[in-house]
There are 2 protein chains.
Amino acid sequence: MRVSTRGEYGLRAVLVLAGQDRQQAMPLREIAARENISEQYLEHLFRALRLSGLVVSHRGSRGGYTLSRHPSDITVGQVLRTLEGSLTPMECVDGKQVCAHGDRCATRLLWKKLKDATDSVVDSTTLADLLSMADANDKE
Amino acid sequence: MRVSTRGEYGLRAVLVLAGQDRQQAMPLREIAARENISEQYLEHLFRALRLSGLVVSHRGSRGGYTLSRHPSDITVGQVLRTLEGSLTPMECVDGKQVCAHGDRCATRLLWKKLKDATDSVVDSTTLADLLSMADANDKE
DNA sequence: ATAATATCCTAGCAAAACACTATGGATTGT
DNA sequence: ACAATCCATAGTGTTTTGCTAGGATATTAT
């Protein structure tokens, strides 16, 4: 039930972009240095983030990445699902194939509850939310 | 973020015990056969469940396992944590070591939310709850 | 133009986790 | 005695994780 480093690093990296001026592209080198993450590893993660449309890349000198939308318009669910794949505890509540038992399966009822609980968190929390919450704690 | 087969099989197995007469010990062979799980693998899981006090073993002929308490007195959280270890998405919200940033870390705020969400589900759902929910769906 | 700065893409790989299997010993009911 | 169980440790193939390597491609600055 642990989030892998893909989700951890990726979210941290995207939050760096979210706390930044959106007009200015930030190179991976800088994000990697700031968050103490391998630049090469981050490249993989940003490839996925770009393909899912969450970030925009700018190649060449003075290039880098920017968020594709405002931080208040990107949920952590979108980031995490891009990097971690489905966030469900079991395949049978993925929407795809349900086993023959369906809702008469006692365990599936639990997996469904867990799925709903995590969905409600990640789909209602935006990057801007996290930043403002952290900021509020910082001021105390 | 997936539950492993340890949690899946283990929960299914204890639910078999929960739906059973508590006076009669049930051998692993029978649970394994009913749930289509390897008996040898289940032994590992039940060793952990016994050590955590959730089931009681009865050795020898006519032996087997029983729940240590009534199904309404055992939460799925107790079962899953025994088999899966901590259910937190990240180590830093495990209660143990928090990184230097503490609550000013934006990502940690998310991990905390996720932890609280899953905790509230697994700690408030008992084996009896799952059985009665499945039973209700069965009758429809 | 050319050099410098970036992203882009594919491949590979060591370590850890996962999902078991194997084997033999200990205990109890009949 | 004997069969049915649990108990315990060791081993093992597969998959996932968490990277590193190397080069191609695009853009900007000079």
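Lettering of chains follows the sequences in order, A, B, ..., and the numbering in each one begins at 1.
Nearest-nucleotide positions on DNA chain C place A:Gly63 closer to the 5' end than the other of A:Gly63 and B:Gln40. Nucleotides of DNA chain C nearest to A:Met26 and B:Gly60 differ in position, and the one nearer the 5' end is that of A:Met26.
Here A:Arg12 pairs with A:Glu8 in a salt bridge; the nearest charged N to carboxylate O distance falls below 4.0 Å. Salt bridge status for B:Arg81 with B:Asp119: present, with a side-chain N to carboxylate O gap under 4.0 Å.
Rounded to an integer number of Å, the gap from CD of B:Glu43 to P of C:dA26 is 16 Å. Between the CG atom of B:Leu28 and the P atom of D:dT5 there is a distance of 10 Å, given to the nearest Å. One interatomic measurement links the two molecules: CD of A:Glu84 to C1' of D:dT16, which rounds to 12 Å at whole-angstrom precision. Following rounding to the nearest Å, B:Phe46 (CZ) and D:dT5 (P) show an atom-to-atom distance of 15 Å. To the nearest angstrom, P of C:dT5 lies 13 Å from CD of A:Glu39. For the pair B:Arg2 CZ and D:dT15 P, the interatomic distance rounds to 16 Å; values are reported in whole Å. Look at CG on A:Leu45: it is 15 Å from P on C:dC9, rounded to the nearest Å. Counting to the nearest Å, the C1' atom of D:dC2 and the CZ atom of B:Arg62 are 15 Å from each other.
Other residues, nucleotides and ligands contribute over 12 non-hydrogen atoms within 6.0 Å of the CZ atom of A:Arg22.
Residues satisfying the side chain to side chain donor-acceptor pair (under 3.5 Å) criterion with B:Gln20, sequence neighbours excluded, are absent altogether.
Between B:Leu11 and B:Leu127, the shortest heavy-atom distance links the atoms CD1-CD2, 4.0 Å. Here the closest non-hydrogen pair linking B:Ser38 and B:Ala32 is C-CB, 4.4 Å.
Near-neighbour residues of DNA chain D inside residues 50-59 of chain B, defined by a heavy atom below 4.0 Å, number-ordered: B:Arg50, B:Ser57, B:His58, B:Arg59.
Residue contacts shown for B:Tyr65 are limited to sugar-phosphate atoms, with no base heavy atom under 4.0 Å away.
With B:Asp123 contributing its side chain and B:Gly77 its backbone, the two residues share no donor-acceptor pair below 3.5 Å.
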*Let me have a per-nucleotide readout for nucleotides 10-20 of chain C, 5' to 3', with B, S or -, counting only protein heavy atoms under 4.0 Å.*
BB-------SB

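Applying side chain to side chain contact (heavy atoms under 4.5 Å, CB included) to A:Tyr65 and the options A:Val55, A:Val16, A:Val56 leaves one that passes, A:Val55.
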